[in-house]
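Quick note on labels: first sequence line is chain A, next is B, and so on, each numbered from 1.
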Amino acid sequence: MHDRYEPALFEQKWRDRWKEQDLFRTREEDGREKFYGLDFFPYPSGAGLSVGHCRNYIPTDVLCRMKYMQGFNVLHPMGFDAFGLPAENEAIKNKIHPAPMIDKYAGTYQRQMELIGISYDWSREFKSSDPSYYKWTQWIFKLLYDRGLAERKMIEVNWDPIDKTVLAAEEIIGGRAERSGALVEKKLIPQWIFKITNYAQQLIDDLDELDWPEGIKQQQRNWIGRSEGVEFEMKVVLPGAASGPDENGFEVIEKPHTFRVFTTRIDTIFGMTFCVLAPEHPLIAEIKKHSNDAKKAEIDEYQGKAKALSDIDRQAEGREKTGVDTGAHAINPATGKKVPIFIADYVMMGYGTGAIMAVPAHDQRDFDFAVKFGLDVVPVFKPDTAYLSENNTSEADYLADPKQFKKVFETKDGILVNSGEYSGMGYAEGSAAMAEWIVALGIGEKKVNYKLRDWLISRQRYWGCPIPIIYDKEGNPETVIDDLLPVELPDVDNYEPSDDGSSPLSRITDWVNTTTRDGALGHRETDTLGGFACSSWYFLRFCDPHNEQKAWDPERVKYWMPVDCYVGGAEHAVMHLLYARFWTKVLYDAGLVDVKEPFARLMNQGQVLAQTPYRQPKDGESLGVGEDGILVAFKDVPNYQPDELTYKWVRMSKSKGNVVTPDEAVEQFGADALRVYELFVAPFEQAVQWSNDGMQGAVRFLSRVFRLVSDMSTHWDESWKLSINATAMEGKAKDIRRITHKLIRKATEDIERFAFNTYISATMTAVNDYNDLLKSLGEPNPSERLALSEAIQSLVLVLSPAAPHTSDEIWEQLGGQDSTYHLDWPKFQAELAQDDTITMAIQVNGKLRDTLEMPADASQEAMQEAALSSERVKVHTEGKTVRKVIVIPGKLVNIVAN
RNA sequence: GCCCGGGUGGCGGAAUGGUAGACGCAGCGGACUUAAAAUCCGUUGACCGUACGGUCGUGUGGGUUCGAGUCCCACCCCGGGCACCA
């Protein structure tokens with residue numbers, strides 16, 4: 001029997017055996033509950049896995065392994081998100097075709113995942129770039145198309161000049177492309193979009209039932225951005241229009257022009273002193289027709305500037321407000337007064353109606369604009385005392401001149417003033433009454449707006465799923481019939497993107513030219529689907545991955561879905577998770593799946609950080625935005641004095657040069673040590689700081705397990721189960737069983753609640769406790785032998801999900817014939833985990849003064865009496881009167897005295 | 001600015017309102033060794049005290065409670081997300 005952990009001696013042997021025996025093939029036996037554990041669909045990068053990625057896979061693996069041992073049918077698949085920009089860019093860089101490259105990279109991922117002992121069922125593996133998979137991605141595209149949820153539109157899109165393709169709104173962060181970092185440009189080209197906005201409300205509502213991190217749900221709610229308000233119409237008085245009869249008594253009646261505004265604060269309508277149109281607003285063209293040349297030129301110039309500005313410039317923080325007075329006016333329906341209409345780029349065409357009513361008294365943006373352009377500010381809410389004291393002013397002073405203060409009074413619970421018959425009402429009452437009035441007037445209605453935009457899905461790139469659309473001579477689209485799916489991606493030599501917004505596929509005339517359904521000449525859609533389409537349904541395909549007739553057998557999906565536990569990084573909070581939810585809802589509405597939500601429980605693992613050297617810039621060097629040091633490569637560290645370098649904890653990444661690969665970690669410490677370390681070192685959701693000392697601790701722990709079992713193995717009785725519960729247990733035997741059942745209880749509960757760090761610490765504690773007990777034990781009697789045997793087996797099984805190689809090796813050495821994966825997860829008996837005695841805490845006035853050993857079932861009276869007769873307690877109650885004694889059975893006594 | 005997380009020993013971190021610091025790392029002392037490594041045993045929040053013991057202590061300030069790391073209020077700091085969305 002080994003007495004320490006020497007992974008080189010046995011870990012590979014077990015991995016080979018598991019593979020040989022096809023141990024992790026999905027079990028689909030009747031009469032068992034199912035469990036679907038899934039990791040985010042990874043893109044297999046050429047750099048391979050780091051120990052940071054393992055942080056995702058190991059915990060899911062532990063949970064899946066326990067579930068299997070508990071008797072569940074477990075689906076734990078893995079595949080690869082192979083289509084998309086990262087793969088294509090890397091292939092271009094290496095001047096090779098993406099397909100064989102991806103095959104190679106995926107192979108490396110699989111090898112590394114197997115190396116750390118993850119229990120994936122590889123027989124279900126597929127890549128999103130497999131024609132047998134994307135055939136069905138195309139089929140779902142058709143479904144969306146047929147349901148009116150996929151549309152081709154001429155729209156202004158966000159163009160990434162580095163990756164040479166358009167981007168979805170979700171792929172842009174602060175005006176830059178999330179992936180390439182390029183400043184996005186605007187381009188007007190025809191694009192395919194999915195109408196995810198049709199599902200905005202459902203996507204918000206159904207979040208409530210999900211067991212997801214609250215932060216992720218909140219991020220999705222914010223992204224969808226629901227707001228309730230009122231949309232109403234205002235009459236426009238064009239510049240130069242007569243405002244009443246002329247000197248001859250004639251009134252010039254023009255066709256009245258109107259425009260609509262959306263507001264969430266209809267209660268402030270009496271404070272509207274001007275209106276603002278987005279520079280792209282269609283009404284501006286009408287206004288210009290009535291403007292003099294100078295004004296027209298001024299407006300044109302402003303529109304031109306606004307168009308040229310990138311979003312990042314237009315929305316730059318603290319940017320001063322700009323705008324132009326159009327000379328036109330709107331009639332405020334509340335006051336009947338004419339208010340000027342401005343154009344300004346702080347109003348966006350894409351949201352609401354692209355026009356606003358401006359209430360400068362209670363909206364900071366409108367206020368800033370009003371100050372700059374000298375416009376009226378009319379308060380409609382009485383300021384509260386907090387605002388008055390902050391500005392060191394009085395109510396009368398504020399109401400007389402609100403413009404003197406830099407910050408506006410924004411409120412939702414003030415009292416209305418200057419608001420006609422509504423004055424004196426509060427926010428809620430006023431809003432409701434004024435909304436009703438607008439509706440009754442027939443000029444508007446209540447409306448809900450969402451910030452969510454439709455999902456822009458076409459990409460002008462080669463390496464993606466072809467869109468199954470053919471255009472006829474007139475350019476009318478039709479879908480490719482099912483029998484002709486998949487539309488295969490043609491093999492080409494040159495697939496580099498072009499600058500003009502056309503896809504590389506458009507250059508392949510043989511492929512582009514085809515016939516329509518009725519045999520006429522036609523041409524194919526040459527854009528491809530963005531990668532997020534492919535990952536929006538892969539979890540369904542895993543339920544039935546090799547089905548050639550259908551995307552999936554409904555029975556299989558009905559059995560396995562929803563995913564019970566979905567694990568991956570928080571960076572996909574709104575993109576992948578929102579899209580996949582959307583597709584699932586569409587498929588539900590089409591009757592193809594019977595779940596409305598794909599992922600019942602979601603967990604986000606923390607990152608793995610590595611200590612990374614940085615130095616201060618030298619003369620002539622400058623730091624990038626947000627950086628406070630210059631990265632130093634590890635190989636260059638010896639060239640610096642120690643005090644020149646500062647080490648920071650930074651996420652492991654290739655670009656930082658701080659990656660530790662699982663290959664290195666397994667070579668140096670062992671796969672089980674890596675697993676145990678990553679589980680133990682920090683709570684699951686938290687970042688961990690990679691440390692070789694910590695890894696060494698995991699090695700030490702596993703060695704202690706080997707030694708303990710080796711020490712106990714002479715007492716091993718493999719048939720302990722037959723007689724243990726019929727044998728009376730006293731003294732040490734009872735103590736051993738208590739340790740065992742406490743361990744099983746804690747491990748089972750902790751794995752279930754993703755508390756892997758305390759699960760590992762519980763096994764460490766048990767090992768320590770067994771060790772101590774063993775030392776005080778002479779030659780064991782029969783009941784002690786049984787208790788020790790139970791302890792050995794339970795420890796090995798409880799450890800099996802975390803350290804499967806170790807458990808299987810120990811089990812074999814004990815004479816076991818099978819992998820521990822096939823054994824039943826131990827069940828704890830609550831009464832055996834119960835302590836006989838407790839350490840009772842005695843407090844005087846809430847401060848601990850003494851502890852006493854008491855029987856666990858001591859009566860409250862006995863506890864109180866014991867507490868009061870403690871000498872240490874008496875010291876603190878002397879000369880005082882005991883007012884009250886609080887007894888918490890099994891825990892403590894608190895004596896209140898003064 | 002808004003929305004989420006989070007602040008506990010030298011470090012990573014434990015603690016259904018009930019003995020703060022489990023478990024591990026690092027440190028210190030010892031055993032084994034010619035020696036070192038490895039391993040094992042002991043010890044380790046701070047301060048006062050020879051000791052029994054005492055005082056303080058979970059970002060800060062208040063509050064609720066017999067009792068608060070945990071609940072409530074205000075604030076400070078760190079990390080993440082969103083941001084001219086009317």
K.L.:
With rounding to the closest Å, how many angstrom separate the C1' atoms on B/G21 and B/A15?
P.N.:
9 Å

K.L.:
For B/A22 and B/A14, measure between their P atoms and round to the nearest Å.
P.N.:
13 Å

K.L.:
May I have the distance from A/L609 (atom CG) to B/G80 (atom P), rounded to whole angstrom?
P.N.:
11 Å

K.L.:
Treating primed atoms plus P, OP1 and OP2 as sugar-phosphate and everything else as base, which nucleotides of nucleotides 21-26 of chain B get B, S or - for protein heavy atoms under 4.0 Å?
P.N.:
-BBSSS

K.L.:
Could you tell me the separation between the CD1 atom of A/I204 and the CD1 atom of A/I224, rounded to the nearest 0.5 Å?
P.N.:
4.5 Å

K.L.:
Are any of A/R849's side-chain N or O atoms less than 4.0 Å away from OP1 or OP2 of B/G54?
P.N.:
yes

K.L.:
Nearest whole angstrom, please: distance from the P of B/C11 to the CD of A/Q611.
P.N.:
14 Å

K.L.:
Which whole-number value in Å describes the distance from A/K891 NZ to B/A15 P?
P.N.:
13 Å

K.L.:
Which residue lies toward the 5' end of RNA chain B, A/A841 or A/V347, if each is placed at its nearest nucleotide?
P.N.:
A/A841

K.L.:
Using the closest heavy atom to pick a nucleotide of RNA chain B for each, name whichever of A/G352 or A/Q218 lands nearer the 5' end.
P.N.:
A/Q218

K.L.:
I'd like the P distance from B/C3 over to B/C75, given in whole Å.
P.N.:
12 Å

K.L.:
Using only modelled atom types and a 3.5 angstrom limit, is any donor from either the side chain of A/K217 or the base of B/C4 paired with an acceptor on the other?
P.N.:
no

K.L.:
For A/Q219 and B/G5, give me the distance from atom CD to atom P, rounded to whole Å.
P.N.:
11 Å

K.L.:
Closer than 4.0 Å, any side-chain N/O of A/K847 to the OP1 or OP2 of B/C56?
P.N.:
yes

